[in-house]
Structure formats: C-alpha cells, structure tokens
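Sequential numbering from 1 along the given sequence is applied to the chain's residues. Quick note: numbers below take in every heavy atom, side chains included, and nothing from hydrogens, waters or symmetry partners.
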Amino acid sequence: TMSEREDIAGDIVTKLTAVSSPITFKKISREPFEVEELSNAQFPAVYVATSDEVREDFSMGSNSTGKRSGTIDFVIVGYVKGTTSNIDTARNQLVEVVEETLDNDITRNNNAIDTQIVDVSADEGVLFPIGAVRIVVRVLYEFTRGTA
C-alpha cells in the first residue's frame, strides 16, 4: 500500500494536473528538472517535492490508541516564462492558482486534516525570462503508529 505521504503528494499532483483555467500546467514533475532545457510550450511548469515532516502523539496518554499526527511540508516550485512587463503577473497568477486549487480540498482526498500554504517566495528575476516561485504547503494528517 502507498504511504500517506505518497497519497498526499499524489493528490497534490492530481489536483494541479486537473487545472485548466486560467492556466494549465504544461509540466508537473515529482523529480527535479533543468528548467533552462524546457521549451516554451512546457511553461508553466511545477516541481512537487516532499520536504520536512514532524510527527507527534496526539495527546498525552493516547499511546494506547496509537494515533499520531504528522505535519508534512511539500515544496512546490513553479516556473513561468514571460517578458519584463508580465513575468511578475505570471508568477502571482501561478501562486494564486496553486493556492485556490489546494484550498478546494484541504483533506487531500480524505488523507489529511488540513492543508495550508505557509510560505511563498519569488526568485526576483534571476533566471529571466523565466520566473520562479517557491510555495511551501503544510499538510496535517493523522495516522496509526506503524502504518505511515
């Protein structure tokens, strides 16, 4: 069986893949890629990675139930391509679309309790004409000890 982490990451990818308006993600990957090697037709592109996880028992004395909570940070790196006049707009739109899409189902297809975007940072045009944004998505879930 797939782990909760995999199920949650898979749901993020599935939901982003389904977006068709106002933008469609042309490339979505769980593996890093060389953004400079993408063709214009492959933008906007996103890379979804599982980052840090913190796990703890739900409450004192709940060991008997074996219920624990986990908080996983997923990092979504989005790449857009544009001109000086619209690259910032394209970046902002990508962030907005990711946020709205993930907010539509904070349970990550019934695998989680909550989903929150906790950090967004931009690359300030280092790769111009490519713009990059880094979005940290924090997912809270619960699991039974020994199953995740």
Taking side chain to side chain donor-acceptor pair (under 3.5 Å) as the definition, give me every residue that meets it alongside D73, ordered by chain and number, with sequence neighbours left out. R138
For residues 79-88, which residue pairs pass the salt bridge (charged side-chain N to carboxylate O under 4.0 Å, His left out) check, not counting sequence neighbours? D88-R91
Using the salt bridge (charged side-chain N to carboxylate O under 4.0 Å, His left out) rule, collect all pairs that involve residues 33-50, keeping only residues at least two apart or in two chains. none
With sequence neighbours left out, what residues match R134 under side chain to side chain donor-acceptor pair (under 3.5 Å)? none
Without placing hydrogens or testing angles, list every side-chain donor-acceptor pair under 3.5 Å for residues 94-104, not counting sequence neighbours.
{"residue": "T101", "atom": "OG1", "partner": "V97", "partner atom": "O", "Å": "2.6"}
{"residue": "N104", "atom": "ND2", "partner": "E100", "partner atom": "O", "Å": "3.4"}

Return the set of residues passing side chain to side chain donor-acceptor pair (under 3.5 Å) with K27 (not counting sequence neighbours), or none when no residue passes. none
Contacts of F74 that satisfy ring pair (Phe, Tyr, Trp, His ring centres under 6.0 Å) - sequence neighbours left out: none
Where at least one partner belongs to residues 110-120, residue pairs that pass side-chain hydrogen bond (donor to acceptor under 3.5 Å, both in side chains), sequence neighbours excluded: R108-T115, D114-Q116
Only pairs under 3.5 Å count here: list side-chain donor-acceptor contacts from residues 42-50, not counting sequence neighbours, and write none if there are none.
{"residue": "Q42", "atom": "OE1", "partner": "S39", "partner atom": "N", "Å": "2.9"}

My understanding is that only residues two or more places apart in sequence, or in another chain, count here; which of them pass side chain to side chain contact (heavy atoms under 4.5 Å, CB included) with A90? V80
State which residues pass side chain to side chain donor-acceptor pair (under 3.5 Å) with S51; sequence neighbours excluded, sorted by chain then number. none
State which residues pass salt bridge (charged side-chain N to carboxylate O under 4.0 Å, His left out) with D105; sequence neighbours excluded, sorted by chain then number. K15
